[in-house]
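The structure appears below as structure tokens.
All residue numbers in this chain count up from 1 along the given sequence.
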Amino acid sequence: VFHGFDFGEMIRDLHQDLPALQYVFLIDGQGKQWPSGFYAFEELTKDRIIHEDLKGRNYRKLLKGPKEIDMLNLTSGTTGMPKICQCISNARMCFGRQIAERCGITSEDIMLVVCPITGGLGNSCSSLAGGVAGCKVVLLERFDEEEVLRLIEKEQVTVFVGVPTQHIKMLSAPGFDKYRFDSLRIVISAGSYLPYETGKEIIRRMNVKLIPIFGSHDGGTLTIGTPDLDEETVCRTVCRPLPDAELILVDPKGREVPP
């Protein structure tokens with residue numbers, strides 16, 4: 001149960017319509033009667049006991065190769081219909097490494113991620129870029145602008161990751177000016193269009209470098225900013241493509257146009 005919603009019961013209801021679904025592992029699922037194939041994670045790991053059905057399996061056969069799909073991501077998209085995106089492991093690792101390298105994130109950084117870490121920007125920065133860099137990652141269970149500002153100061157955050165609506169809420173928080181952002185050097189924004197004036201305000205009021213990222217779900221990360229770019233570039237454009245990325249520009253009818 002998370003924030004009042006029982007996800008285990010949801011999967012139980014869907015299970016009969018998903019014949020290919022063999023195993024469901026539930027966090028905090030102990031103490032309930034579940035259908036065959038459902039396992040409470042706490043019970044599986046208690047005293048190193050493994051359920052009989054799972055003994056003797058060759059788990060190496062279940063490991064995904066670098067060019068195989070390892071994540072299904074739900075997205076409403078900024079320009080398309082809601083969909084499930086198929087994500088490939090080596091592509092996701094590439095995005096995480098590029099974010100870490102372009103932003104100069106190292107093991108000395110402290111990253112605060114306030115958007116969902118199950119996919120998209122939150123996953124690319126926390127699990128992937130943060131994992132590549134080996135830095136400390138601070139998470140927030142539910143977004144609250146005042147709590148975010150407090151955490152930036154308390155945890156001495158150096159890299160803040162959020163989507164435009166969260167940046168806007170933070171800037172408009174009544175207590176914004178009472179917090180210190182001396183430790184903060186980078187604010188990363190993605191997920192949708194960041195208004196020009198909002199970008200300028202982030203830079204001015206927080207004294208940081210703004211890093212826009214374009215693309216996270218459907219086609220993966222396509223472009224990332226860098227700390228050396230000027231304000232006009234990071235506030236008006238999606239910055240530079242990743243190395244080896246092949247991009248084309250098209251008009252509203254899908255016809256290729258020159259740069």
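- Between V148 and K169, every side-chain heavy-atom pair lies at or beyond the 4.5 Å cut-off.
- By the 4.5 Å heavy-atom criterion applied to side chains, V187 and M170 are not counted as neighbours.
- Within the model, atoms CG of L194 and CD1 of I213 stand 12.0 Å from one another, a figure rounded to the nearest 0.5 Å.
- Criterion: ILVMFWY side-chain heavy atoms under 4.5 Å apart, direct or through other members. Under it, M93 and I88 are not part of a common hydrophobic cluster.
- From I110, atom CD1 reaches atom CD of Q156 across 7.0 Å, with rounding to the nearest 0.5 Å.
- Both F143 and L149 are part of a single hydrophobic cluster, where members link through side-chain heavy atoms under 4.5 Å apart.
- Note: I168 CD1 to E145 CD = 12.0 Å, rounded to the nearest 0.5 Å.
- A side-chain donor-acceptor contact under 3.5 Å links R102 to the backbone of R240.
- Across all their heavy atoms, C135 and I105 have their closest contact at SG-CG2, 4.1 Å.
- Atom CD1 of I202 sits about 11.5 Å away from atom CD of E231, to the nearest 0.5 Å.
- Using a distance-only test at 3.5 Å, with no hydrogens or angles considered, a donor-acceptor pair links the side chain of E146 to the main chain of G175.
- Between E155 and L112 there is no side-chain heavy-atom pair separated by less than 4.5 Å.
- No side-chain donor-acceptor contact under 3.5 Å links R92 to the backbone of C87.
- For the residue pair T223 and V238, the shortest heavy atom distance occurs at OG1-O, 2.6 Å.
- Between D251 and K253, no side-chain nitrogen of the basic residue sits less than 4.0 Å from a carboxylate oxygen of the acidic one, so the salt-bridge criterion is not met.
- The shortest heavy-atom contact between V157 and L151 is CG2-O, 3.8 Å.
- Taking CG from L128 and CG from N123, the interatomic distance works out to 5.0 Å, rounded to the nearest 0.5 Å.
- Using a 4.5 Å cut-off between side-chain heavy atoms of Ile, Leu, Val, Met, Phe, Trp and Tyr, V257 falls into a hydrophobic cluster with L249.
- Using a 4.5 Å heavy-atom threshold, the side chains of C239 and L229 count as touching.
- Looking at residues two or more places apart in sequence or on another chain, you find a ring-ring contact (aromatic ring centres under 6.0 Å, His included) between F38 and H15, W34.
- Of all non-hydrogen atoms in L210 and G199, the two that sit nearest each other are CD2-CA, 3.8 Å.
- Taking the six-membered ring where the residue is Trp, F7 and F5 present perpendicular rings, their angle passing 60° and hence far from 30°.
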Salt bridge (Lys or Arg N to Asp or Glu O under 4.0 Å) for K200 and E232? Distances and angles first, verdict last.
CA-CA 9 Å; K200 298 284 280 190; E232 288 298 304; 3.4 Å; yes

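- Across F160 and I152, no two heavy atoms sit closer than the pair CD1-CD1, 4.3 Å.
- Counting heavy-atom neighbours within 6.0 Å of N90 CG, excluding the residue itself, gives a total above 12.
- In terms of hydrophobic clustering, with Ile, Leu, Val, Met, Phe, Trp and Tyr side chains grouped at heavy-atom distances under 4.5 Å, Y23 and M71 are assigned to different clusters.
- A donor-acceptor distance shorter than 3.5 angstrom exists from the side chain of Q166 to the backbone of V114, with no hydrogens or angles considered.
- Ring centroid separation for the pair Y179 and F181 does not come in under the 6.0 Å cut-off.
- Side chains of D109 and I186 form no contact here, defined as non-hydrogen atoms less than 4.5 Å apart.
- Residues L247 and V250 do not share a hydrophobic cluster, clusters being chains of Ile/Leu/Val/Met/Phe/Trp/Tyr side chains in contact below 4.5 Å.
- When each of P212, C115, P164 is checked for a side chain to side chain contact (heavy atoms under 4.5 Å, CB included) with S189, only P164 meets the rule.
- Taking the side chain as every heavy atom from C-beta outward, L140 and E147 approach each other to under 4.5 Å.
- Side-chain contact check for M111 versus I188: every heavy-atom pair is 4.5 Å or farther apart.
- Contact check for S126 versus V161: no side-chain heavy atoms found under the 4.5 Å cut-off.
- Across all non-hydrogen atoms, the minimal contact from P243 to Q98 is CD-OE1, 3.4 Å.
- Salt bridge annotation for R12-E9: present, with a cationic side-chain nitrogen under 4.0 angstrom from a carboxylate oxygen.
- A distance of 12.5 Å separates OG of S172 from NE2 of H167, quoted to the nearest 0.5 Å.
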